[in-house]
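Take a look at the structure below.
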Amino acid sequence: MPKAYDPAAIEERWAQYWVSERLFEVRTPAPGTSHPRAFTILLPPPNVTGNLHMGHMFEHTETDILVRWHRMLGETALWLPGTDHAGIATQMLVERQLTTEGTTRQALGREAFVERVWQWRRHYGGAILSSMKRIGDTVDWSREYFTMDERLSVAVREAFVRLYEDGLIYRGAYIVNWCPRCQTAISDLEVAHEEQQGNLWEIRYPVVASPGEFLTVATTRPETMLGDVAVAVNPLDERYTHLHGKTLRLPLTNREIPVITDDWVKSDFGTGAVKVTPAHDPNDFAIAQRHNLPSISVMDETAHMSAEAGPAYAGLDRYDARKKVLEDLEAQGLLGAVRDHVNAIGKCARCQTIVEPRLSTQWFVAVNKTPNKGGDSMAEMARKVVCEAKPGDPASKPLRFTPENYEKIYLEWMNNIYDWCISRQLWWGHRIPAWHCAACKKITVARRDPTHCAHCGSRQITQETDVLDTWFSSGLLPVTVFGWPPPQGQSTPDLDAFYPTSLLVTGFDILFFWVARMIMLGCYFSKDVPMPDGSKRALKDSVPFREVYIHSLVRDADRQKMSKTKGNVVDPVEIVERYGTDAVRFTLASMSSPGTDIAFSEARTEGYRAFANKIWNAARFIFMNVERARETGIEIDHTVRGHVPKADETDPIETRWIVARLSSVAAQVGIDLSEYRFDLAASEIYQFFWGDFCDWYLEIVKLRLDFADSARKAATKSALTILLQTFESALRLLSPIMPFLTEELWHALYDDETPARSIALTRYPQGAAHSDDVLEIHFHLLQQLIVSVRALRKDLGVEEKASVPVRIRSAHDGWVFEENFDVIQRLARVSSVELVSSIPEGATIRSTPQFDVQVVYEKTIDVLAERERLTKELAKLEKNLASAERQLSNPAFLEKAPPHVVEGLGKIAADTRLLMEKTRKALKDLA
RNA sequence: GGGCGGUUAGCUCAGCUGGUCAGAGCGCCUGCCUUACAAGCAGGAGGUCGCAGGUUCGAGCCCUGCACUGCCCA
């Protein structure tokens, strides 16, 4: 075994082993058979175009820890992977490729283009999946899906048709966010808002009936005035009362438009008069609807002015048009004041192009509408799942969020939700299964491609060219991956076994995009699927997942959001190659405290690589001793290794102590993981492995491993047995966080005759808190003594290698020191221990409330340094005592504080007083 | 404009429903290559818990205001 741990030497091998041995595949249980409780997690499917970034690695680390933990608890743990076809992202990528080849998708034509995307996917689509294998994700690869798979496409189509039949999908002309570069509608969520310094222009609109009079409007977008259909003022605004119902002449055009009143208009904004341009502003669109006004589109899909804008402007880019409109208004003397104004602009989340509100015909899901067949709207169901609970038992909610505050954020959004625009003007995606009839203009929506119009029978039908929003198909995943739709009135074996899934681990950035949609669609479509026993599915079993754990965001070391444009993306694979996957996983786990973002720190990763190395070397030490044992004829029974060690009264103190510690750590880690406190679990294990197991237990156990003295053979064998058991258990405890290292050492521990094919398939150590309090007190006393002696040695300048005698004056429990003389001797380099009733005057000592200890050594102490130390300590003790006494002398405190607090503080005060006395004496003796 | 977080050691962060915590790792100082580990061992130094009030017998912890900072939504 090499002296230093080299992750590169082992990780690749295990990563391949886990996949090729198909260790984490979960078979569908045969119908009607009983099976262990299922723990099911759906992997948020990464974009097929994606590469693994630190955010993924973080999410996967947390998820994998949970999945491995649940698997080791004996549950059927299914983590289901797949990739998302990612409509816009993928199409853009392939289009860019075409550009470099000097061609375009339009030149290729739709069919050839789509085929081209498939080709791309076959060649490059698996990058992120390979990375997942490399970092040890224990997903079930046999169930891997792609959102455009035939099976899923059929399901997506079925879902669309059902929603259409239920009256929840409609087509209509609405203002949508339009990306002029992608040339498609995008959803509200795909728009990133930004503040930008702009202007607010005042424009004078002549009043038709009153020459020389103007109504001045204020606008941030003068170029859209060409599409104005009215000017609106607040009905209560007295400045404009006389103009109500009057007509204005729209400058630069010959159109006449009315002055209307609407409550929406804020009198204190601008001039209190706003132009109404329904085709280019969502608010204006709403006003136009209320007032039955027409819409005039003056821009085309590339954000150039259309013919409707008039011959002077048609063909101009929107910003060139703005310039010209302003110039023309200026020339006509109709331009008023120009003010600075900060306005919020929307940018396409994909390509950063400024989004144009555009009137267009799109497909929508009516999320607030009651279905034709009755029942709750989707949004209503989605609200109920987090609200409905048995009285006084919030844990009985069908769906819970961790951290809890996300429930509020989710509900807030769900309460204000608008209809969901699901059509995209792309070629890559699930094409909407609707056909337009050229004869009767009606629409036929069908499960199978129709040959004629369902309304008039005409054969002149053409399929809708739009595809579905990517989130429509990914929103269906919790049901579709398990075989939905089942035959009428039935279920599928996978839905029976795995739906609802147990947990969703994801980031809040896709809470609305994806989580909320899964909840709506999952509830809607699963509620008609009967339960395994044939009964009707209740709301609590319709949810796509019973819990949602929202993790934090990973940022770079300077707290900046990692993004490609900033160039501060930390490549996890590169870090993994330098430090090992385990160290990176441990870093991410230990930094994952809830609520705060993570600033990824390489320094910490370095620290955890050292931790891995520490364990590696502890293993080397153990193997060395196993080897020695074998050479001296001590055989360790292999079968004892898989058990959590048990100690009895006759075992040495360190044995009983480490066994108790292991037990309480195992118990605590179980609690931590159940609360998603990966950070606490990690630090608990770290502290145990390094602080307890290596620093104390291993050092002491060296005393027991005596291969020379045949009389001590039994004791040696017993010590080695417990050592092996403890180490083996600790490896299992650590394995969900550090799967590679623990797998390697675990196999080595068994000489490759392992009881299972992987440590991941063994059982997780269970424990109990505080299994032996008295013992812990005694062991702690021993530790304190050893630490005191070491400190004294340092103060006295005793050479590192020299052994010295010590005198101990102990209040009680002195036998602990006597009985464990050998431990003290080895760990503190002591030649003899003498228990005395008093320590000679003037000796340099260390004190605790329980004991005083003197190191007998001729070299004198650095008096000045010692005085400084003692003075400082005395001051601190005085401060503590004063604070304790202040409270203890307060009648209100004695009366109101709980007894155990009063008692505890009393003991602290007594101990402090004792220590102060000792410290004062030591100071005096120094002089 | 609305909402949600954060502010604790030089750095990165823990600190549970107020009492027994002022903590960890890294960094720093000192001494050690003690045959598992120098990616190590041992011993240290270092904080008025953002500021100001309040509640309480008692406040990093609860309340109010302020400052700085990050994010989400409009």
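Throughout, protein chains are lettered first and strands after them, A, B, ... in sequence-line order, and every chain is numbered starting at 1. Just so it is clear, the structure is predicted and the values come from calculations on it, not from any experiment.
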For A:Ala618 and A:Glu800, take the nucleotide of RNA chain B holding the closest heavy atom to each; which residue's nucleotide lies nearer the 5' end?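 Checking each residue's closest nucleotide, the 5'-ward one belongs to A:Glu800.
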Contact nearer the 5' end of RNA chain B, comparing A:Tyr5 with A:Arg869: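 Between the two, 5'-proximity favours A:Tyr5.
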Does the ring centre of A:Tyr410 sit less than 6.0 Å away from the ring centre of A:Tyr406?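 No; A:Tyr410 has its ring centre 6.0 Å or more from that of A:Tyr406.
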Under 4.0 Å between a Lys/Arg side-chain N and an Asp/Glu carboxylate O for [X] and [Y]?
| X | Y | answer |
| --- | --- | --- |
| A:Glu631 | A:Arg628 | no |
| A:Arg829 | A:Glu800 | no |
| A:Arg704 | A:Glu654 | yes |

Return the nearest nucleotide to the side chain of [X]; candidates are [options].
| X | options | answer |
| --- | --- | --- |
| A:Gln887 | B:rG58, B:rA36, B:rC4 | B:rG58 |
| A:Arg677 | B:rA14, B:rA39, B:rC37 | B:rA14 |
| A:Lys801 | B:rU20, B:rU34, B:rA36 | B:rU34 |
| A:Lys794 | B:rU30, B:rA36, B:rG25 | B:rU30 |
| A:Cys694 | B:rC72, B:rA39, B:rA36 | B:rA36 |
| A:Lys872 | B:rC72, B:rG46, B:rA36 | B:rG46 |
| A:Val901 | B:rC13, B:rA36, B:rG19 | B:rG19 |
| A:Asn890 | B:rU34, B:rC57, B:rC37 | B:rC57 |
| A:Ala610 | B:rC71, B:rG40, B:rG19 | B:rG40 |
| A:Leu680 | B:rC13, B:rG44, B:rA14 | B:rA14 |

In terms of relative ring orientation, are A:Trp616 and A:Tyr5 parallel, tilted or perpendicular, with 30° and 60° separating the classes? tilted
Which word best sums up how the rings of A:Trp413 and A:Phe512 line up, parallel for under 30°, tilted for 30 to 60°, or perpendicular for over 60°?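 The arrangement is parallel - the two ring planes meet at less than 30°.
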Report yes or no: is the cationic atom of A:Arg790 (NZ for Lys, CZ for Arg) under 6.0 Å from the centre of the six-membered ring of A:Trp696, at an angle within 45° of the ring normal? yes
Answer yes or no for A:Lys702 and A:Phe621: cation-pi contact, defined as NZ/CZ to six-membered ring centre under 6.0 Å and angle to ring axis within 45°.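 Because its charged atom sits under 6.0 Å from the ring centre and within 45° of the axis, A:Lys702 does stack over A:Phe621.
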Suppose we call a contact any N or O donor and acceptor under 3.5 Å apart; does that hold for the side chain of [X] and the base of [N]?
| X | N | answer |
| --- | --- | --- |
| A:Lys614 | B:rC37 | yes |
| A:Lys702 | B:rA36 | yes |
| A:Lys896 | B:rU56 | no |

Verify the contact: side-chain N or O of [X] to OP1 or OP2 of [N], cut-off strictly under 4.0 Å; return yes or no.
| X | N | answer |
| --- | --- | --- |
| A:Lys3 | B:rA38 | yes |
| A:Trp690 | B:rC41 | yes |
| A:Arg604 | B:rC26 | no |

For [N] versus [M], give the span between their [atom1] atoms, rounded off to a whole number of Å.
| N | M | atom1 | answer |
| --- | --- | --- | --- |
| B:rC11 | B:rC37 | C1' | 26 Å |
| B:rC57 | B:rC68 | C1' | 34 Å |
| B:rG58 | B:rC13 | C1' | 28 Å |
| B:rC61 | B:rG23 | C1' | 15 Å |
| B:rA45 | B:rA52 | P | 28 Å |
| B:rC66 | B:rG2 | P | 12 Å |
| B:rA14 | B:rU8 | C1' | 10 Å |
| B:rU64 | B:rG46 | C1' | 34 Å |

Students often get this wrong, so: under 4.0 angstrom with heavy atoms, is [X] touching a base, only sugar-phosphate, or nothing?
| X | result |
| --- | --- |
| A:Gly904 | base |
| A:Arg609 | base |
| A:Arg846 | sugar-phosphate |
| A:Pro891 | nothing |
| A:Val787 | sugar-phosphate |
| A:Asn625 | nothing |
| A:Ala897 | base |
| A:Leu698 | base |

Measure the distance from [atom1] on [X] to [atom2] on [N] and round it to the nearest whole Å.
| X | N | atom1 | atom2 | value |
| --- | --- | --- | --- | --- |
| A:Leu894 | B:rG58 | CG | P | 13 Å |
| A:Glu684 | B:rC16 | CD | P | 15 Å |
| A:Glu903 | B:rG58 | CD | P | 22 Å |
| A:Arg829 | B:rA42 | CZ | C1' | 10 Å |
| A:Asn613 | B:rC26 | CG | P | 13 Å |
| A:Phe693 | B:rG40 | CZ | P | 17 Å |
| A:Lys876 | B:rG44 | NZ | P | 11 Å |
| A:Leu749 | B:rA36 | CG | P | 18 Å |

[N]: pairing nucleotide in any strand, Watson-Crick or G-U under 3.5 angstrom:
| N | answer |
| --- | --- |
| B:rG25 | B:rC11 |
| B:rC68 | B:rG6 |
| B:rG1 | B:rC73 |
| B:rC33 | none |

Kindly compute the distance separating CE (A:Met738) from CZ (A:Phe611), expressed to the nearest 0.5 Å.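 Atom-to-atom, A:Met738:CE and A:Phe611:CZ are 6.0 Å apart.
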Let me confirm one number: the CD-OG1 distance from A:Glu627 to A:Thr632, rounded to the nearest 0.5 Å.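 Answer for the CD-OG1 pair, A:Glu627 versus A:Thr632, is 10.0 Å.
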Give me syn or anti for B:rG60, where syn covers glycosidic angles within 90 degrees of 0.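 Syn, since the glycosidic angle lies within 90° of 0.
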In B:rC51, glycosidic geometry as syn within 90° of 0 or anti otherwise: anti
